Protein chains: 2
Amino acid sequence: MATIYDVARQAQVSPATVSRVLNGRASVDPVLAARVQQAVQDLNYRPNVVARNLRLSQTSLWAVIISDIGNPFFTSMVRGVEDVAQGSGFSVVLCNSDEDPEKEARYVAAALAQRMAGVVISTSGRPNVINRLIEARIPVVAIDRQLRGVSVDTVLVDNVHGAELATTHLLDQGYRRIACITGPRRISTAAQRLRGYQRALKSRGHQPTDNLIRFADFREEGGYRAMASLLDETEPPDAVFATNNLMTVGAVECLVDRGVKVPAKVGVVGFDDIPWAHLVRPSLTTVSQPTYDLGRAAAVLLGERIANPAKPTSMVTLHTDLHIRESSTRPA
Amino acid sequence: MATIYDVARQAQVSPATVSRVLNGRASVDPVLAARVQQAVQDLNYRPNVVARNLRLSQTSLWAVIISDIGNPFFTSMVRGVEDVAQGSGFSVVLCNSDEDPEKEARYVAAALAQRMAGVVISTSGRPNVINRLIEARIPVVAIDRQLRGVSVDTVLVDNVHGAELATTHLLDQGYRRIACITGPRRISTAAQRLRGYQRALKSRGHQPTDNLIRFADFREEGGYRAMASLLDETEPPDAVFATNNLMTVGAVECLVDRGVKVPAKVGVVGFDDIPWAHLVRPSLTTVSQPTYDLGRAAAVLLGERIANPAKPTSMVTLHTDLHIRESSTRPA
DNA sequence: TTGAAAGCGCTAACAA
DNA sequence: TTGTTAGCGCTTTCAA
């Protein structure tokens, strides 16, 4: 592949001049500039980004570290990040940690080694991993999940509020024994959505009880098992709020398998949509999040942080909406 | 951040020795090696991959260019690629072309500029874009969709056979006016699945007719519109075979909206699964593909190609299966 | 406005 | 076995 020296030779100018023409950094005699452009064409020259990056001690790569690439929530989010990144000349390396702190640590190490320009992370929960990025002064934006103990730019949704909406809606529909299937305690979204559920119950004079709460893993199977265990209680619930989309699907599968009628016998509300929710029977009531915009917002913050590392960190909170469908509307 | 010189100084050895210790390329006095390891620890040294790549004229990045990150088919495939890449020390840059040849061309240019170690591509159809990669001797593997006119490693499923299975099944169920909603002509999967459909009809003595065939865009809306236009025919179909998952969803939505009973009035079979197919009512009969394994196979081929650029190109074909569910089983 | 030359951090000849 | 040195391809002083 042609180098800048080949172009310089072909155009009969110095490499410095080629660089000036290519980067528009300084004024160049139009005649020389034209010769350079022609040589670039002739040789089909493409600047070597690796060399450029080394020289400038910077790169054009962002790492996006998410916990489950199979979850449409994250793919939509990544798309939001990517569209903004692309527009600012960055490429996105997608890293799937599978909720595994070990894998996450490996990706963080890779981001460090590659001297990535920035990292967007939805953490699997170990805070110390992120500190290495902070220490190395690599710009970081936390997305969807909060980072404990470090001050970084963060993009979240109003988890507590969304969970309150969901739980209050179930109460309004006349459900009384409302269960909650949430995620691992160490993950902020799991904790916040549980808090919203508890707060809604209390504000209506109900006392949340631990045996209607399950800590699962944000996956389909986990939702299924949690639902099964709830149904096996001596006093099983008459409704369930699941704090993410996949666990909602799992819970509904369990109810279908056991022949429990939804919503007549048990009402269901889930946090975050699933695609084709309208084709699923019964259609699912969900707290919907602006997933794509979450990604966009994070990408914008990251871009700003890279441009201005000294700027104070900010936290963006996006809104959630309750979409009422069949799974929670009790026949009168 | 610490450089190899800092480590060398700290360990009181030459940079070359540090490099030898770190890469295990040559034997080093254990005493010196220990000093180096200690210095690496003390300084929290991380090799600069950018510099290493420049020096070696190689990178550890693969680009995976797909046409729709919102399609679970591709996310599963990417996961397969990623798992293998990770195992061989490569990272994956995910590029989403949105079926747009322009965007695809931009990503190819980026892969070229970054001197990516390899590219896995599910092309949106313009062959000349890929030629730039070939000319630059960047290893390429075509996945899911064939590349016309160039000889590259390729991983496909048996599209013609799968389409035949689907169509024959609909005939067996007693459907007679079977329509086909396929993708853009320039995309090999669209053409091959259409061919399978036509072949199945012919082998049973039916003549495929053009007014039961629609060329859509592999998206949900396209499937919806194609189905609507089929229903508006003077002699509408009594069954439909859609050649990808999203168009199948769109077609079913259209049937639901128009109050057309599935499978009683119109039978439906789709190519490729959707997640939660079992929760959708009616559940969808599909030709299922080993999506994750497609990704794995492509990644393995890419790894081999990088290790041995001279090896002859190969084509891997994986099998498809018909999963019969409600949408195509006519009540007797 | 242009060219010469140094250097980003690393690895691999080559010499010792 | 170890150190010295050159150079990957680029950008940016500095001098002309």
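Source: prediction; values computed, not measured.
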Is the [atom1] atom of [X] crowded by more than 12 outside heavy atoms at less than 6.0 Å?
| X | atom1 | value |
| --- | --- | --- |
| Gln58(B) | CD | yes |
| Arg186(B) | CZ | yes |
| Arg46(A) | CZ | yes |

**OP:** Describe the nucleic acid contact of Leu56(B) in one word from base, sugar-phosphate, nothing, applying a heavy-atom distance below 4.0 Å.
**Re:** sugar-phosphate
**OP:** With rounding to the nearest 0.5 Å, note down the distance linking CG in Leu147(A) to CD1 in Ile130(A).
**Re:** 5.0 Å
**OP:** With rounding to the nearest 0.5 Å, note down the distance linking CZ in Arg52(A) to OG in Ser60(A).
**Re:** 8.5 Å
Measure from [atom1] on [X] to [atom2] on [N] and round the result to the nearest Å.
| X | N | atom1 | atom2 | answer |
| --- | --- | --- | --- | --- |
| Arg115(B) | dC8(D) | CZ | P | 14 Å |
| Ile4(B) | dG3(D) | CD1 | C1' | 13 Å |
| Gln58(A) | dC10(D) | CD | P | 15 Å |
| Arg52(B) | dG9(D) | CZ | C1' | 18 Å |
| Leu54(A) | dT11(D) | CG | P | 11 Å |

**OP:** Give me the first and last nucleotide of DNA chain C, going 5' to 3', that has any atom under 4.0 Å from a heavy atom of chain A.
**Re:** dT1(C) to dG9(C)
Subject >> Phosphate OP1/OP2 of dC10(D): any Tyr45(A) side-chain N/O under 4.0 Å >> reply: yes
Original post:
Using a heavy-atom distance cut-off of less than 4.0 Å, which residues of residues 8-38 of chain A contact DNA chain D?
Top reply: Ala16(A), Ser19(A), Asn23(A), Arg25(A)
**OP:** Return yes if a side-chain donor-acceptor contact under 3.5 Å exists between Asp42(A) and Gln38(A), otherwise no.
**Re:** yes
Subject >> For Leu133(B), the option from Val152(B), Leu112(B), Ile121(B), Val150(B) that meets side chain to side chain contact (heavy atoms under 4.5 Å, CB included) >> reply: Leu112(B)
**OP:** Start with the C-alpha gap between Glu104(B) and Thr123(B), add the side-chain angles, then the distance that decides, and say whether side-chain contact (heavy atoms from CB on, under 4.5 Å) holds.
**Re:** CA-CA 8 Å; Glu104(B) 181 174 305; Thr123(B) 182; 3.0 Å; yes
